[in-house]
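Written below as structure tokens is the structure these notes are about.
We use all heavy atoms of the structure for the numbers below, so side chains are in, but hydrogens, waters and symmetry mates are not. Reminder, nothing fancy here: chain letters follow the sequence lines and each chain counts from 1.
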Amino acid sequence: MTRIKLTVDGMAVSDDVEPRTLLVHYLREQLGKTGTVVGCDTSNCGACTVHLDGQSVKSCNVLAVQADGGEITTIEGLADTVPDRADGQLHPVQEAFRECHGLQCGYCTPGMIMASVDLLNRNPHPTEQEIREGLEGNLCRCTGYHNIVRAVQYAAEGEQP
Amino acid sequence: MIPAAFDYVAPTTLEEALAALGEHGDDAKLLAGGQSLLPVMRMRLNAPEWVIDLGRIESLRGIREEGDELVIGAMTPHAVVGEDPLVAQHARLLTDAEAEVADAQIRHRGTIGGALVHADPAGDLGAPARALDARFVIAGAGGTRTVAADEFFLDLFETAVGEDEILTEIRVPKRTGWRTHYEKFVRVKHQWSIVAVAVAVRLEGDTVAEARVGLTNMGNTPLRARGVEEALTGRPATEESVAAAAARASEGTAPPSDLNGDAAYRSHLAQVLTRRALMTAISGGTA
């Protein structure tokens, strides 16, 4: 077992983990953060996307020990990153996915939202093409991309002055 | 899917890493960004007893200028290489290719050195490395040695980096002002290249003074399309001479046949993509 210390959704945690433990399993099974899901389990689909030190990563393709010392944001803590957030208020990208119905079955949604937040952090006003290419690492098997792209556009517009 | 159990060590210096590698030898795998290794371990296609994580060695990261070369630390993530202004200025072809590697999440974790040592023939960095004549700095217990791109890739998933050695730097000769393009053909945007072509050309007026062309997934290793380079050098930068040169793209290649296409299909594709890549580069490149 290896001792790791990290910050997850603003909370300092410290645990002994087997080195082979994947970050997604640590988050779900040891911390109970089941908002992050396992989709394909082959690092293709992006459903398990979280932020590690401010960057999107596929948490099924990172060992928990590699995240030692890092800061992680999952879909469960995303809304808490909003400054001066009111009780129950969603993150603007979560709100946009709800407003534009950027989902069908919802399974890809946690990863789609985390990837979209990362995309908008790097490119606050993307074109439709840039959104589609920026989300290339996330698959929706309901073929719901159209509304997902609209949701990202909606969120980007909302952030304009 | 969960990897088989292994012991883990995360050294903070290259010396410690080499010592760990010396100690555990054949039973160890080096972990760079893990974006290729971890899937392989999860599918139990590889089950090392030791994993030596290079992610805590700061000296293996970063990009700097040194004389006529750019020096890229082997553990520099794809996203950092792809967004680096020095790379864009002096080795634009790498900027172009990095944008096509997998997806944003993978580019955040995966490293340039890890991808090159993995040496997947469908990987996107080998062809640019060969086209740019990159040099590879390899550290071992006895010191470091430098290997030219033409001698680095030996076979499928096999490079000049020995079992007891670590790739530390990729040194890329500056080609400032060259026009470049990486033309990748895939069915699904974030997947491996079916075929891809990396080109860099230096124009003098309307003439191609120098041309360098690398091929992805046209053999067991990344290849140089020397026939195309010879046919284009000194010729006018026109569609006619590009088409004539591109017709030689599959010379000396040995492309694989798989569900994405057979060898004859890939040979044809290489010529088409070479023509497109050269025309895009000549007319201004990717930027």
* Structure fact -> Whatever's closer than 4.5 Å to a heavy atom in chain B on A:R122 counts as side chain
* Could you state the interatomic distance from CD1 (B:I106) to OG (A:S43), rounded to the nearest 0.5 Å? -> 4.5 Å
* A:Y107: what forms a ring-ring contact (aromatic ring centres under 6.0 Å, His included) with it, not counting sequence neighbours? -> none
* With chain B, which of A:V38, A:L52, A:T42, A:N44 has the greatest number of heavy-atom pairs at distances under 4.5 Å? -> A:N44
* Between B:Y8 and A:V17, is any pair of side-chain heavy atoms under 4.5 Å apart? -> no
* Asked: Under 3.5 Å, is there a donor-acceptor pair linking the side chains of B:Q105 and A:S56?
  -> no
* Can you say whether B:L31 sits under 4.5 Å from chain A via the side chain, the backbone, both, or neither, judging by heavy atoms? -> side chain
* Using non-hydrogen atoms and a limit below 4.5 Å, what part of residues 19-26 of chain A faces chain B? -> A:P19, A:R20, A:L22, A:H25
* Asked: Just wondering, more than 12 heavy atoms not from A:R85 lying within 6.0 Å of its CZ?
  -> yes
* **Side-chain heavy-atom pair A:V65, B:D53 within 4.5 angstrom cut-off** => no
* Could you please spell out the steps behind the side chain to side chain contact (heavy atoms under 4.5 Å, CB included) verdict for A:L135 and B:H190? => CA-CA 10 Å; A:L135 296 179; B:H190 70 165; over 6 Å; no
* To do: Report, as yes or no, whether the 6.0 Å neighbourhood of atom NZ on B:K189 holds more than 12 heavy atoms from other residues, nucleotides or ligands.
  => yes
* Asked: About how many Å separate CE of B:M41 and CG of A:L63, when rounded to the nearest 0.5 Å?
  -> 6.5 Å
* Answer yes or no: are there more than 12 heavy-atom neighbours, outside B:R187 itself, under 6.0 Å from its atom CZ? => no
* Asked: Taking atom CD of B:Q191 and atom CD of A:E136, what is their separation to the nearest 0.5 Å?
  -> 10.5 Å
* Sort A:E18 into side chain, backbone, both or neither according to what part of it lies under 4.5 angstrom from a heavy atom of chain B. => side chain
* Check against side chain to side chain contact (heavy atoms under 4.5 Å, CB included), B:R109 and A:K58 -> CA-CA 9 Å; B:R109 293 294 301 173; A:K58 294 180 175 179; over 6 Å; no
* To do: Go through the steps for B:M1 and A:C60 under the test side chain to side chain contact (heavy atoms under 4.5 Å, CB included), then give the verdict.
  => CA-CA 9 Å; B:M1 287 178 284; A:C60 79; over 6 Å; no
* Calculate, to the nearest 0.5 Å, the distance between atoms CD and CG belonging to B:Q35 and A:N61 respectively. => 4.0 Å
* **Contact class of B:A5 relative to chain A, heavy atoms under 4.5 angstrom** => both
* To do: Over all heavy atoms of both residues, which pair between B:A104 and A:G134 is shortest? Give the atoms and the distance, please.
  => CB-O, 4.5 Å
* Specify which of B:D103, B:V188, B:D7 makes the most heavy-atom pairs with chain A at under 4.5 Å. => B:D103
* Structure fact -> If you tally heavy-atom pairs under 4.5 Å between each of A:D68, A:D41, A:T2 and chain B, the highest tally belongs to A:D41
